[in-house]
Amino acid sequence: MTDPTRFAGHGVLVTGGARGIGAAVARRLAEEGGRVLVTDRDLPEAEETASALRRQGLAAEAFACDVADRAAVEAAVAHAVAAFSSLDVLVNSAAHCTSDVTLFEDDPDEAWVRDLDITLTGAYRCCRAALPHLAASGRGAIVSVGSVNGVQDFGNHGYSAAKAGLGSLTRTLAGHAAPRGVRVNLVVPGTVRSSAWEGRDDELDAVRPLYPLGRVGEPEDIAAAVAFLASRDAAWITGTSLVVDGGLTAVNTGFRAAVRHTS
Ligand SMILES: NC(=O)c1ccc[n+]([C@@H]2O[C@H](COP(=O)([O-])OP(=O)(O)OC[C@H]3O[C@@H](n4cnc5c(N)ncnc54)[C@H](O)[C@@H]3O)[C@@H](O)[C@H]2O)c1
């Protein structure tokens, strides 16, 4: 349930906030009182997302930030601190997925390098730039958006390796930042009906039976988990990965279907 005061007075920066899960996170944290900098490499769409929030009386601004660009990341963090007086929450949602494991043997380096650079190194750049400000806030929290691709085989080798790397970065940074009062956690989504799946309803229908809870996720399912981990409700949680996948990775639906006595 939304608590309109949970992030009151918090400065929030969301990467990849223009669309999909990032936009849902921006909305959720703004609805809960946060002042949100919606950053994205697509500035016009980030502006649209932020202005839709402002029309509802919520506090949001847009800022151009490609997480592949260290200077742009540092400018976005500086802008959030200047605009909101503090930076309390960083949400790393931007990612890139082009690596195709069916092309593995002929893969050009570029797809692997780009997936790693945006999905893993991009989050690292944001954490590095934000950490001093999150430490100064006294209630700083980082939540990154991982993927079930980081814990099981779902193809897309470069993207998946990057998502697995986010788990490691989360734990290492949790240890480094804990003495300064900053918590660092990861949300691990299964399939989520975001703009990334636009025009692919047939595939979403095909994967639905793999989900024990009977549906794929919505961006709001992930935003709720991000909000929890970023909030004081998670004050004693750091370095953890919260799987939000409708039971996909916990329940072996194929085995259950094949073996009668498990039903
Ligand atoms: N949708 C899913 O099924 C799913 C599943 C697991 C994890 N995720 C993760 O959730 C996060 C959000 O994904 P989504 O489904 O909402 O995707 P999306 O495509 O709907 O939105 C991604 C947003 O990130 C922005 N972006 C892309 N590259 C960027 C860059 N270099 N710098 C800044 N912004 C950039 C895009 O412009 C877009 O606004 C990603 O980390 C993704 O890996 C998604």
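Counting starts at 1 for both ligands and their atoms, in listed order.
Taking 4.0 Å as the cut-off between side-chain N and carboxylate O, Arg28 and Glu220 do not count as a salt-bridged pair. Ion pairing between a basic and an acidic side chain is recognised when a charged N comes within 4.0 Å of a carboxylate O; Arg6 and Asp233 show such pairing.
Side-chain contact check for Tyr211 and Thr191: at least one donor-acceptor pair (N or O, by modelled atom type) lies under 3.5 Å. Between the side chains of Asp100 and His157, not a single donor N or O lies within less than 3.5 Å of an accepting N or O. Side-chain contact annotation: Thr249 with Asp245, donor-acceptor N/O pair under 3.5 Å present. Judged by distance alone, the side chains of Asn156 and Ser99 never bring a donor and an acceptor atom under 3.5 Å apart.
Judged by the shortest distance from any of its heavy atoms, Val67 lies inside the 4.0 Å radius around the atoms of ligand 1. Put simply, no part of Glu198 is less than 4.0 Å from ligand 1, judged by heavy atoms. The closest approach between any non-hydrogen atom of Gly146 and ligand 1 is below 4.0 Å. Ligand 1 has at least one atom lying under 4.0 Å from a heavy atom of Cys65. Heavy atoms of Ala24 come nearer than 4.0 angstrom to ligand 1 in no pair at all.
Residue-level proximity to ligand 1 for Glu45 is absent, since no heavy atom of it falls below 4.0 angstrom. Heavy atoms of Cys97 found under 4.0 angstrom from ligand 1: none, in either backbone or side chain.
Gly190 O, 3.1 Å is the protein heavy atom nearest to atom 5 (C) of ligand 1. Shortest contact from atom 23 (C) of ligand 1 to any protein heavy atom: Gly16 O, 3.7 Å. Closest to atom 34 (N) of ligand 1 among all protein heavy atoms lies Arg41 N, 3.4 Å. In terms of protein heavy atoms, atom 43 (O) of ligand 1 is closest to Tyr159 OH, 2.5 Å.
Residue Asp42 has no nitrogen or oxygen atom sitting less than 3.5 Å from a nitrogen or oxygen atom of ligand 1, judged on distance alone.
Close approach of ligand 1 to Gly20 (heavy-atom distance below 4.0 Å) involves ligand atoms 16 (O), 20 (O).
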